[in-house]
Amino acid sequence: NITTRTASINLAAGENITCKFTNRKNISLSATKSWAGLASSETAPKVTLTLTRSPADTPAFSLGVELDGTAGTACTPAAGAPCGYESAPWVVTWLGLPTTNLAGTTYAYSVSEGTAPAGFTGSPASCTPTATASACTITNTRTTTSLAATKSWAGLASSETAPKVT
């Protein structure tokens with residue numbers, strides 16, 4: 001039973017069993033969401049940062065946390081079930097992450113946002129989180145467009161001067 005960390009085995013008389021217990025170290029990782037080109041009167045849209053790991057296990061691991069710029073309440077990881085929360089405005093922290101799989105292979109974690117909100121481009125597409133949130137930052141930059149215009153006048157007599165337009 002993974003939840004209670006107990007096992008029950010029925011043995012017949014004379015049978016032997018060998019048990020192996022492996023403790024795995026758990027870590028915490030953080031990532032930051034930043035915004036560029038956001039007007040001071042504008043509220044940034046909610047986004048989800050998703051933590052994945054490799055090598056892929058069965059089932060695959062993916063843990064998304066929605067960020068809205070408001071620090072939330074810390075989560076408590078259950079046995080074998082990591083959790084994540086917005087630990088500070090636009091900072092996500094994941095807790096209870098194993099460093100290896102049961103075979104002892106070291107995990108590599110990665111954070112991504114997926115598609116950036118409308119009107120923004122996200123960069124980088126993904127990053128490698130560490131215990132320091134600033135080491136993994138995904139920035140959404142406001143998409144801007146340039147517009148050039150030329151005013152021309154039709155029907156002016158050769159003796160007329162076009163009025164100034166600003």
Side-chain angles (χ1 to χ4, degrees), residues 1-10 17-146:
N1 183 323
I2 293 174
T3 304
T4 62
R5 297 181 182 202
T6 60
S8 297
I9 301 170
N10 295 320
I17 188 166
T18 301
C19 296
K20 179 181 177 183
F21 297 91
T22 303
N23 291 325
R24 295 186 299 164
K25 179 181 178 184
N26 287 334
I27 58 172
S28 299
L29 298 175
S30 294
T32 300
K33 178 81 212 152
S34 68
W35 300 91
L38 198 65
S40 60
S41 61
E42 191 176 8
T43 300
K46 293 179 182 181
V47 297
T48 298
L49 294 185
T50 302
L51 182 71
T52 57
R53 69 180 174 217
S54 60
D57 288 329
T58 302
F61 175 81
S62 176
L63 182 56
V65 175
E66 184 179 77
L67 304 175
D68 63 7
T70 306
T73 303
C75 61
T76 303
C83 65
Y85 71 104
E86 189 166 0
S87 55
W90 302 110
V91 176
V92 59
T93 298
W94 291 276
L95 305 171
L97 301 165
T99 57
T100 65
N101 64 15
L102 294 176
T105 304
T106 300
Y107 284 129
Y109 288 93
S110 179
V111 176
S112 63
E113 178 181 9
T115 304
F120 292 89
T121 55
S123 179
S126 66
C127 58
T128 302
T130 65
T132 306
S134 60
C136 179
T137 299
I138 297 177
T139 302
N140 281 350
T141 303
R142 168 68 70 200
T143 305
T144 58
T145 304
S146 297

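Predicted model, so just to flag it, every value in this text is computed and none were measured. Count residues from 1 along the sequence.
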| remark: So CG of Leu95 and OG1 of Thr76: to nearest 0.5 Å the spacing works out to 8.0 Å

| query | Side-chain contact, heavy-atom cut-off 4.5 Å: Ile138 with Cys127? | reply | yes

| query | Which atom names give the shortest non-hydrogen contact between Gly84 and Cys75, and what distance separates them? | reply | N-SG, 3.5 Å

| task | With the side chain counted from C-beta on, respond yes when Thr105 and Thr100 share a heavy-atom pair under 4.5 Å apart, and no when they do not. | result | no

| said: To check you understand the geometry: which heavy-atom pair defines the closest contact between Glu113 and Pro117, and what is its length? | reply: OE2-CD, 3.5 Å

| note | Shortest non-hydrogen pair, Ala71 vs Ala88, comes out as CB-CA, 3.8 Å

| query | What do the steps show when you test Ser112 against Thr52 for side-chain contact (heavy atoms from CB on, under 4.5 Å), and what is the final call? | reply | CA-CA 8 Å; Ser112 63; Thr52 57; 5.7 Å; no

| request: Side-chain contact test, heavy atoms from C-beta onward, threshold under 4.5 Å: evaluate it for Thr141 versus Ser123 and give yes or no. | output: no

| Taking atom CG of Leu67 and atom OG1 of Thr48, what is their separation to the nearest 0.5 Å? | 7.0 Å

| message | Quick one, Trp90 and Trp35 - any side-chain contact, counting heavy atoms below 4.5 Å? | response | yes

| said: Between Thr143 and Thr121, do the side chains contain a donor N or O and an acceptor N or O under 3.5 Å apart? | reply: no

| note | Nearest heavy-atom approach of Gly69 to Glu86 is N-OE2, 2.9 Å

| said: Once rounded to the nearest 0.5 Å, what's the spacing between atom CD1 of Ile9 and atom CD1 of Ile17? | reply: 3.5 Å

| request: Please tell me if the side chains of Asn26 and Leu97 come closer than 4.5 Å, counting only heavy atoms from C-beta onward. | output: no

| request: Can you measure from OG (Ser87) to CH2 (Trp94) and round to the nearest 0.5 angstrom? | output: 9.5 Å

| request: Tell me yes or no: between the side chains of Thr93 and Ser30, is some donor less than 3.5 Å from an acceptor? | output: yes

| field | Spacing of SG belonging to Cys136 relative to CG belonging to Leu49, to within rounding of 0.5 Å | value | 8.0 Å

| said: Tell me if a side-chain donor or acceptor on Glu66 pairs with a main-chain N or O of Lys46 at a distance below 3.5 Å. | reply: no

| note | To the nearest 0.5 Å, atom CZ of Phe120 lies from atom OG1 of Thr115 at 14.5 Å

| Is there a side-chain contact between Pro129 and Tyr109, using heavy atoms and a 4.5 Å cut-off? | yes

